[in-house]
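Working notes for the structure below.
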Number of protein chains: 2
Amino acid sequence: MELPALDRRSVVPLYYQIQRRLLEQIRAGTLKAGEPLPSEQEISERLGVSRMTARQALKSLCNLGVAYSQRGRGTFVSRMKLEKNFRQVLSFSEEMEARRSRPGSKVIAFEAVSAPTDVSAALHLKAKEKVIRLKRVRMADSRPMGVECTCLPLALCPDLLQRFDPQTSLYRTLSERYGIQIVLADEVAEARLATSEDARLLGISKGSPVFFFTRTAYLQSGQPAEYVKSTYRGDRYKITNRLTHQNKVNSLGRN
Amino acid sequence: MELPALDRRSVVPLYYQIQRRLLEQIRAGTLKAGEPLPSEQEISERLGVSRMTARQALKSLCNLGVAYSQRGRGTFVSRMKLEKNFRQVLSFSEEMEARRSRPGSKVIAFEAVSAPTDVSAALHLKAKEKVIRLKRVRMADSRPMGVECTCLPLALCPDLLQRFDPQTSLYRTLSERYGIQIVLADEVAEARLATSEDARLLGISKGSPVFFFTRTAYLQSGQPAEYVKSTYRGDRYKITNRLTHQNKVNSLGRN
DNA sequence: AAGTGGTCTAGACCACTCG
DNA sequence: GAGTGGTCTAGACCACTTG
C-alpha cells in the first residue's frame with residue numbers, strides 16, 4: 001500500500017488529508033468492510049505525522065460513521081452502507097435535488113402578519129411580533145407533494161417580502177442575502193387523514209393518509225429562525241431516519 | 001466562580017470531569033444560553049490541565065449539542081432546550097419508560113422460520129437461512145399502541161426461543177444474555193390507513209391513520225442484527241426527530 | 001509480551017475576530 | 001494587538017485485547 005506524501009504546504013489540514021485518503025480506499029474497496037484500518041501508530045510512522053494527528057484522522061472517520069474503534073483491538077471499517085440517504089436539515093429544493101426531481105412551488109400566501117401564539121412560542125417572540133408567512137404547495141416534477149406554511153421572524157430578514165422571489169429556494173436566499181444558516185431542526189411528524197382543503201390542494205381524496213409535520217429550525221447559536229407546518233402526501237413521501245444510541249446528556253455522554 | 005480541584009486519582013478522565021462541571025453550571029443557570037464558556041486558555045490555567053485537555057472538554061460539550069464554537073470568538077452555550085426527547089435507538093420498553101408509561105405485550109407469534117426475501121436481504125442472510133420471528137401487540141398502560149414484527153438471525157442467538165420470555169424486553173435479553181448491543185438503526189416511516197387486521201389488533205377503525213415502520217438495526221460493526229416491520233396508531237404516536245446538517249461523506253466532512 | 005486505542009502534557013504556529 | 005479556537009508535535013502512562 002504505497003501512499004504519496006502529504007502536502008504540508010497546503011491549507012488543508014493534515015488530519016483531513018489523511019481522512020480523505022482512507023475514505024478513498026474504503027470506497028475503492030482496498031479497505032473492506034470489517035477490516036482494520038491502519039493503526040494510529042502505523043499512520044504516524046508511515047506518513048510522518050504525530051500520533052495525535054493520525055488519531056484525529058481516524059476519529060473523524062468514526063464521527064462520519066464510516067469506521068468504529070475498539071480499545072485494545074483497533075479501528076475497523078464499518079459494515080454499514082454509505083450511500084443511504086438520510087434525513088438532514090434540507091430545504092425542499094435540496095431534498096428534491098437529492099432525489100433527482102425538479103422542485104417547484106405554487107404560492108398561496110406571502111405576507112407579513114402578527115404571529116399566532118403557537119408561532120410566537122416556537123420562535124421565542126414577543127406577543128404579536130410580526131412574522132413573514134409563506135404558504136406554498138410544493139411540487140416535484142410538477143406533481144404536488146405537500147402543503148407547507150413557513151413562518152420567519154420579520155426582524156431576522158426585514159425586507160424579505162421585497163427581495164425574495166417565492167418561486168425560488170427560501171433557504172438559498174436566507175443564506176446568500178442575510179447570512180442566515182440553518183444548521184438544525186426539531187421536527188414532529190404525525191400520521192393523519194387529508195382534510196378537504198389538503199385534498200383540494202394536493203389532488204388527492206379527502207381521508208387519504210398524509211404526514212403532518214411541525215418543524216422548528218435553528219441557527220448554530222440555538223436561536224429559532226423558522227417555524228413550519230406542513231402536510232405531505234402519504235403515497236409520495238417517506239421519512240428515512242438513522243437513529244443513533246447517543247449517550248444522553250443526563251447520564252453518561254463520554255467521547 | 002470558584003471551582004473545587006479536579007480529582008487526579010480518579011479513574012474518570014479529567015476532560016470528562018470538566019465537561020460535567022460545565023454541564024452542571026449550564027443546567028444551574030450560572031452559565032446562561034448565548035453566553036461564552038470559559039476559554040480553553042482559561043480552563044487550562046484555572047484547573048491546571050493542558051490546553052488539549054481543556055479543549056477536549058469543550059469539544060465534548062459541542063458534540064452533545066450543548067455548546068458551539070466560533071473560531072476567533074469563543075465557545076458559547078447553545079440556546080437550544082436540553083430537555084427535548086429525541087428519537088434514539090430505543091427498545092419499546094425503554095421508549096415507554098421515557099414516557100413514564102408501563103410497557104406491555106401480547107404475543108401473537110414466536111417461532112423460528114425461513115427468512116422471506118425482504119428479511120434475508122435486510123439482514124444480509126443466505127437464502128432461506130433461519131430467523132426468529134416475534135410478532136407482538138405493544139401496549140402502553142394496557143392500551144394497544146402498535147403491532148410489531150421482529151426478525152433476528154437465528155445464528156446470532158441460537159437458543160433465544162428457549163431462553164427469552166416474550167413478555168419481557170427483547171433488547172435487555174439480547175444485551176444481558178448474548179452481549180448483543182444495538183447501537184444504530186435505519187428506519188423508514190410511511191403514513192398509511194389501518195388494514196382490517198391492524199384495526200382488529202389495535203382496537204381502532206379500519207381506515208384510521210397509522211404509521212408503518214420498516215427498521216433495520218445494526219451492531220457497532222455495522223452488521224445487521226434485527227429487521228422490524230411495525231404499524232403504530234396515528235392517534236397515539238408521534239415521531240420526534242432532531243435533524244442536523246452534517247457534512248456529507250461525499251463532499252466535505254471536516255471536524 | 002506486544003500491539004491497540006484512551007488520555008494527558010507542554011509546548012508551538014496559524015487564522016480569525018474584535019476593540 | 002490581544003484573545004480566541006484550529007492544528008500539530010513528540011513525547012508519556014494507562015487499560016485493554018490477543019496470541
Side-chain angles (χ1 to χ4, degrees), chain A residues 5-20 22 31 34-63 66-78 179 181 220-221 247 252-255, chain B residues 5-20 22 31 34-63 66-78 179 181 220-221 247 252-255:
Chain A
L6 297 171
D7 182 358
R8 297 189 100 88
R9 293 167 318 178
S10 165
V11 291
V12 179
L14 291 177
Y15 84 87
Y16 188 67
Q17 293 182 43
I18 300 169
Q19 186 221 77
R20 298 320 278 187
L22 293 171
L31 289 167
E35 286 182 357
L37 289 160
S39 71
E40 297 174 356
Q41 178 85 286
E42 195 177 338
I43 292 175
S44 161
E45 286 166 3
R46 296 255 277 255
L47 298 179
V49 297
S50 77
R51 199 194 128 200
M52 288 300 276
T53 301
R55 180 173 170 70
Q56 195 177 357
L58 289 175
K59 192 154 188 207
S60 71
L61 289 172
C62 294
N63 291 339
V66 172
Y68 61 99
S69 289
Q70 286 184 1
R71 192 196 191 106
R73 300 225 312 132
T75 303
F76 304 86
V77 181
S78 171
Q181 300 282 357
Q220 191 190 34
S221 67
N247 298 321
L252 272 158
R254 279 217 230 164
N255 283 340
Chain B
L6 297 171
D7 183 358
R8 297 189 99 90
R9 292 167 318 177
S10 166
V11 292
V12 179
L14 291 177
Y15 84 87
Y16 188 67
Q17 293 183 43
I18 299 170
Q19 186 220 76
R20 298 320 278 187
L22 293 171
L31 289 166
E35 285 182 358
L37 288 161
S39 71
E40 297 175 356
Q41 179 86 283
E42 196 177 338
I43 292 175
S44 161
E45 287 167 2
R46 295 256 277 255
L47 297 180
V49 297
S50 77
R51 200 192 128 201
M52 288 301 276
T53 301
R55 179 174 171 70
Q56 195 177 358
L58 289 175
K59 192 153 188 208
S60 71
L61 288 172
C62 294
N63 291 338
V66 173
Y68 61 99
S69 289
Q70 287 184 359
R71 190 196 193 107
R73 298 224 315 129
T75 304
F76 304 86
V77 180
S78 170
Q181 299 283 357
Q220 190 189 34
S221 67
N247 298 321
L252 272 157
R254 278 217 231 166
N255 284 340

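In what follows, every chain begins at residue 1, and chains take the letters A, B, ... in the order their sequences are listed.
- For B:R71, the side chain to side chain donor-acceptor pair (under 3.5 Å) criterion is met by no residue, not counting sequence neighbours.
- Not one side-chain nitrogen or oxygen of A:S69 sits closer than 4.0 Å to the OP1 or OP2 atom of C:dT4.
- Atom CD in B:E40 sits roughly 18 Å away from atom P in C:dC14 (whole-Å rounding).
- Between A:I43 and A:L22 there is a side-chain heavy-atom pair separated by less than 4.5 Å.
- Annotation: salt bridge (charged side-chain N to carboxylate O under 4.0 Å, His left out) contacts of B:R73 (sequence neighbours excluded): none.
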Using a cutoff of under 3.5 Å, can you pull out all pairs of nitrogen or oxygen atoms linking the protein to nucleotides 17-19 of chain D, with atom names and distances?
from   : atom 1 : to    : atom 2 : distance (Å)
D:dT18 : OP1    : A:R73 : NH1    : 3.3

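- Separating the CD atom of A:Q220 from the C1' atom of D:dG5 is a distance of 12 Å, rounded to the nearest angstrom.
- Between B:R46 and B:P38 there is no side-chain heavy-atom pair separated by less than 4.5 Å.
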Between the protein and nucleotides 8-11 of chain C, list every N/O to N/O distance that falls short of 3.5 Å.
from  : atom 1 : to    : atom 2 : distance (Å)
C:dC8 : OP1    : B:L14 : N      : 2.2
C:dC8 : OP2    : B:L14 : N      : 3.4
C:dC8 : OP2    : B:Y15 : N      : 3.1
C:dT9 : OP1    : B:R8  : NH2    : 2.4
C:dT9 : OP2    : B:S50 : N      : 2.8
C:dT9 : OP2    : B:S50 : OG     : 3.1
C:dT9 : OP2    : B:T53 : OG1    : 2.6

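- Residues passing the side chain to side chain contact (heavy atoms under 4.5 Å, CB included) test with A:R8, sequence neighbours excluded: A:L14, A:V49.
- Atom C1' of nucleotide D:dG5 and atom CD1 of B:I43 are separated by 12 Å, given to the nearest angstrom.
- The distance between atom CG of A:L6 and atom P of D:dT7, rounded to the nearest whole Å, is 15 Å.
- With B:Q220 contributing its side chain and B:Q181 its backbone, the two residues share no donor-acceptor pair below 3.5 Å.
- Residues meeting the side chain to side chain donor-acceptor pair (under 3.5 Å) test with A:S78, sequence neighbours left out: none.
- A sub-4.0 Å separation between OP1 or OP2 of D:dG5 and a side-chain N or O of B:T75 is present.
- For the pair B:Q41 CD and C:dA12 C1', the computed distance is 13 Å after rounding to whole Å.
- Nearest heavy atom pair, residue B:S44 against residue B:A54, reads N-CB, 4.0 Å.
- Rounded to whole angstrom, the span from the CD atom of A:Q19 across to the C1' atom of D:dT7 amounts to 15 Å.
- Atom pair A:R55:CZ and D:dA12:P shows a separation of 18 Å (rounding to whole Å applied).
- Between B:L31 and B:L37, the closest side-chain pair of non-hydrogen atoms falls below 4.5 Å.
- The distance from atom CG of B:L58 to atom P of D:dG5 is 7 Å, rounded to the nearest whole Å.
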